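Computed from a prediction, not measured in an experiment: that's the story for all the values here. Atoms within each ligand, like the ligands themselves, are counted from 1 in listed order. Heads up: numbering here begins at 1 and tracks the sequence.
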Amino acid sequence: MAWKGKRGDKEAFGGGCKMIFWADKLADEVIKREERLKRVKNLRVESGIGASGIPHLGSASDVARGWAVCLGIRDRGYDSDLIAFSDDRDGLRKVPLGFPESLKEYIGKPVSHIPDPFGCHESYGEHMSSLLLESLEKLGIDFKFYSGDRFYAKGELDREIGLALKEAERIKKVVEDWLGQDLRTVFFPICQSCGRIYTTRVTGWEPGKVFYVCDQEFEGKVSGKPFMVKGCGYQGECSFRDGKLAWKVEFAARWSRLKVCSEAYGKDLADSVRVNDWVSKNVFGWEPPLHARYELFLQKGGKKISKSVGNAITPQDWLRCGSPQSLNLLFFKRFTGTREIDLNSVPAYMDEVDWLEDVYFGREKIQNERELQHPKRLFEYIHYLKPPKKPGIHLPYLMLANILRMVPDLELAKKIVMELKGLDETEELEKRLRWAKNWVGERKAERPEIKPEELPALSELAEWLEKERDAEEIQGKVFELARKHGLKPSEFFQKLYLILLGSPYGPRMGKLIQLLGCKRVAEKLRESGPAGI
Ligand SMILES: [Zn+2]
Ligand SMILES: [Zn+2]
């Protein structure tokens with residue numbers, strides 16, 4: 001984590017496990033800094049929301065982590081709100097893969113001024129941001145939503161736009177000196193004639209009004225290929241409410257206007273944040289918020305998750321297969337470093353939530369007190385600091401997934417699990433089965449490796465199971481076959497559990513096979529061989 005400002009006295013705001021977790025550390029830093037600055041009562045945390053493409057896990061993670069800091073601040077007795085600010089006045093730069101190519105006529109226009117290609121929302125931008133908002137609501141995150149488009153239209157940033165235009169030369173010089181970049185303009189008017197925003201150039205301004213000409217060009221992308229967009233040549237004037245600040249200035253304007261005390265950012269924005277910090281302090285008179293730099297998520301295989309490349313898993317995808325807590329765990333477990341993520345990670349995160357719960361309720365022993373504190377606090381955070389009072393049911397995810405592969409009927413699978421685990425019918429059980437069923441979906445089962453010497457025993461067991469047998473009989477038969485074929489019984493049992501449940505252990509074998517149904521198990525055993533047995 002990259003810290004801005006100095007690390008202070010670690011025990012100042014409660015010690016113990018509250019000092020080990022990153023969100024607690026950040027909350028302490030924010031509080032200490034704001035007390036020193038003596039400026040606001042509500043310590044606001046901001047998170048930006050992209051509205052140009054389908055939101056992926058990384059987008060939801062930004063907001064969820066902001067929420068964690070907010071919770072940490074509240075936990076220390078201070079007020080804190082989370083602001084989710086939609087970048088829906090951004091111009092569309094690319095047509096995302098999988099979207100109609102006809103969208104290219106809108107490249108360069110603000111995403112909130114483009115019709116929704118799916119027809120269900122007011123605009124393209126609203127469609128995209130509402131997908132993210134929906135997942136944040138599913139997670140139970142409490143946030144205040146701002147639409148950038150409406151924010152500008154209402155004149156909320158008029159003061160900041162005036163100041164930025166006044167100080168434009170100083171700002172451009174900072175950008176040039178620090179980054180070696182040419183900041184063409186601090187403000188982009190929306191062309192009244194063609195509706196584009198990145199093709200305009202400011203030629204002059206007076207309070208509340210900007211003069212511009214639409215004569216610039218910029219490179220967009222369609223289906224991954226460059227697509228040049230040219231200005232229409234229109235000359236005109238517009239109010240401060242009909243345009244948008246450049247990125248090197250807009251963060252600062254929002255921080256100053258909304259009195260933001262903390263905003264985390266990804267590594268790719270580091271330069272922009274540096275300039276914005278300077279602008280915030282020197283142009284708008286707002287000491288910039290405390291920043292932390294977070295990790296980026298990668299798709300398995302090392303590709304950066306990109307909103308426009310279309311390789312992204314959405315939060316909705318995850319929440320169809322796993323609990324909100326498992327997704328929070330993914331977001332909160334670590335703050336730095338890079339992680340590879342796809343839906344194959346769901347079972348591990350679901351099981352880890354169960355493990356954390358065991359640690360939290362003292363069912364899992366950890367000797368070292370310090371090692372115990374982090375998982376305990378992590379467990380509290382994945383429940384937004386309102387952990388359950390008592391432990392819930394725990395079921396290995398892959399066990400459920402494997403049972404559902406063999407017994408796709410949810411009701412029947414539920415009965416089997418209840419019988420196997422001695423559980424009552426509960427909502428929690430129902431949810432877990434549904435998540436696992438969705439996850440199994442089209443996914444192919446991973447086949448455990450079968451050794452050649454195991455094949456005859458598996459084949460004979462499969463044949464013997466063609467008739468219905470009772471639990472005790474089955475238990476005895478498995479032992480008998482292991483010995484007959486020169487296999488270690490413990491290893492043969494493990495292999496059977498792997499085939500049937502996806503884990504090397506399980507309930508008593510005879511009962512398991514009887515509950516799953518002998519014929520079904522026979523079929524499963526046959527499928528498990530290299531080319532079937
Ligand atoms: Zn829509
Ligand atoms: Zn134009």
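To the nearest 10 degrees, the Zn ion (ligand 2) sees SG of C194 and SG of C214 at an angle of 110°.
N328 and H383 share no donor-acceptor pair across their side chains, judged by distance under 3.5 Å alone. Side-chain contact check for W318 and S135: no donor-acceptor pair (N or O, by modelled atom type) lies under 3.5 Å. For the residue pair Y152/E250, the side-chain donor-acceptor check at 3.5 Å is satisfied. S256 and E160 share a donor-acceptor pair across their side chains, judged by distance under 3.5 Å alone.
Under the ring pair (Phe, Tyr, Trp, His ring centres under 6.0 Å) criterion, F240 pairs with no residue at all, not counting sequence neighbours.
Atoms of the protein (N, O or S only) found under 2.8 Å from the Zn ion (ligand 1) are D116 OD2, C120 SG, H121 ND1, H127 ND1.
Geometrically, R432 does not engage Y397 in a cation-pi contact, judged by NZ or CZ lying under 6.0 Å from the ring centre and within 45° of the ring axis.
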